[in-house]
Amino acid sequence: MIGIIGAKGTGKSTLLLQRIKLNFPDKSKALYVSLDNTWFAKLSLLELAQEFYHLGGTHLFLDEVHKYQSWAIEIKNIYDSYPTLRIVFTGSSMLEIFNASVDFSRRSVVYELKGLSFREFLKYENKIELPVFTLSNILKDHRVIASEIASKIKITNKTLW
């Protein structure tokens, strides 16, 4: 079992969906579920996993687990009841994940997906490579730094007004 935690917008959902798209030619083997779906107001995650497993599913991708009230105990029960079912879960609320009533330490590996800084994004997009600036440098020389960056790359391609 794998847990992926990180702030909203860092790409956790996209990561899960890309993993399924690239690694599961037989889509019936993998199931992506967002636990903030209203479907779970009436049916349980445990019931879903049981049905999926009995239909031959092998990989269950659970997004936004912190939105589902009893996520920790149900995921533990799924893990214990279906040992061949692989589970990946994500959550934005790190406190909810770490303060779960269930100890996942022996059952899962949890990774943190961090967002990119603007500098990292520019490097990733092969636009420009910039040095790391300290906070004191930014506070003291913000205009010079901004002018240098703006002279090397077009920040926006739209007129703001």
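When reading the values below, keep in mind they use all heavy atoms of this one structure, side chains included, and skip hydrogens, waters and symmetry mates. In what follows, residues are counted from 1 in the order of the sequence shown.
In this structure, the side chain to side chain contact (heavy atoms under 4.5 Å, CB included) partners of Glu47, at least two apart in sequence or on a different chain, are Leu43, Ser44. Qualifying side-chain hydrogen bond (donor to acceptor under 3.5 Å, both in side chains) partners for Glu64, counting only residues two or more places apart in sequence or in other chains: His66. Contacts of Thr10 classified as side-chain hydrogen bond (donor to acceptor under 3.5 Å, both in side chains), with partners at least two apart in sequence or in another chain: none. In this structure Thr58 satisfies the side-chain hydrogen bond (donor to acceptor under 3.5 Å, both in side chains) test with no other residue, sequence neighbours excluded. By the salt bridge (charged side-chain N to carboxylate O under 4.0 Å, His left out) test, Lys123 is found to be paired with Glu129, residues two or more places apart in sequence or in another chain being considered. The ring pair (Phe, Tyr, Trp, His ring centres under 6.0 Å) search around Tyr32 returns none, not counting sequence neighbours. The ring pair (Phe, Tyr, Trp, His ring centres under 6.0 Å) check on Tyr53 picks up Tyr82, with sequence neighbours excluded. Under the side chain to side chain contact (heavy atoms under 4.5 Å, CB included) criterion, Arg86 pairs with His59, sequence neighbours left out. For Tyr79, the ring pair (Phe, Tyr, Trp, His ring centres under 6.0 Å) test picks out no residue, with sequence neighbours left out. Judged as a salt bridge (charged side-chain N to carboxylate O under 4.0 Å, His left out), and not counting sequence neighbours, Asp26 has no contacts.
Put simply, the side chain of Trp39 reaches to within 4.5 Å of the side chain of Leu48, judged on heavy atoms. Between Lys76 and Asp80, some side-chain heavy-atom pair lies under the 4.5 Å cut-off. Side chains of Leu45 and Leu35 form a contact here, defined as non-hydrogen atoms less than 4.5 Å apart.
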For a side chain to side chain contact (heavy atoms under 4.5 Å, CB included) check, start with the C-alpha distance between Ile5 and Tyr111, then their side-chain angles and the critical distance, and finish with the verdict. CA-CA 6 Å; Ile5 58 173; Tyr111 298 96; over 6 Å; no
Hey, mind stepping through Gln18 and Thr14 against side chain to side chain contact (heavy atoms under 4.5 Å, CB included) and telling me if it holds? CA-CA 6 Å; Gln18 285 177 340; Thr14 301; 3.8 Å; yes
Would Tyr68 and Leu62 count as a side chain to side chain contact (heavy atoms under 4.5 Å, CB included) here? Give the steps. CA-CA 10 Å; Tyr68 184 80; Leu62 305 172; over 6 Å; no
How far apart are the C-alpha atoms of Ile2 and Ile87, what are their side-chain angles, what is the distance that settles it, and do they pass the side chain to side chain contact (heavy atoms under 4.5 Å, CB included) test? CA-CA 6 Å; Ile2 296 173; Ile87 302 166; over 6 Å; no
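Counting all heavy atoms, side chain and backbone alike, Ser92 lies closest to Ala7 at OG-C, 4.5 Å. Residues Met1 and Ile75 come closest through the heavy atom pair SD-CG2, 3.3 Å. Heavy-atom minimum distance, Leu85 versus Gly57: CD1-O, 3.8 Å. Considering every non-hydrogen atom in both Leu31 and Ile20, the closest pair reads C-CD1, 4.5 Å.
Sparse packing is recorded around NZ of Lys8, with 12 or fewer heavy atoms of other residues, nucleotides or ligands lying under 6.0 Å away. Within a 6.0 Å sphere centred on CZ of Arg19, other residues, nucleotides and ligands contribute 12 heavy atoms or fewer. Few gaps surround CD on Glu120; more than 12 heavy atoms of other groups in view lie less than 6.0 Å from it. Annotation for Phe121: atom CZ does not count as buried by contact number, only 12 or fewer foreign heavy atoms lying within 6.0 Å.
Val132 forms part of no hydrophobic cluster, judged by ILVMFWY side-chain heavy-atom separations under 4.5 Å.
Between the CD1 atom of Ile128 and the CZ atom of Arg119 there is a distance of 11.5 Å, given to the nearest 0.5 Å. Separating the CD atom in Glu74 from the CG atom in Asn77 is a distance of 7.5 Å, to the nearest 0.5 Å.
Side-chain atoms of Asp63 and Ser34 include no donor-acceptor pair closer than 3.5 Å.
If you chain together hydrophobic residues whose side chains sit under 4.5 Å apart, Leu113 and Leu22 never meet in one group.
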Which pairs would a plain distance check flag for residues 135-150, meaning a side-chain donor or acceptor within less than 3.5 Å of a matching protein atom at least two apart in sequence or in another chain?
residue : atom : partner : partner atom : Å
Ser136  : OG   : Thr134  : OG1          : 3.2
Asn137  : ND2  : Thr134  : OG1          : 3.4
Ser147  : OG   : Arg143  : O            : 2.9

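Ring geometry for Phe24 against Phe61 counts as perpendicular: the plane angle is over 60°, on a 0 to 90° scale with 30° as the lower cut.
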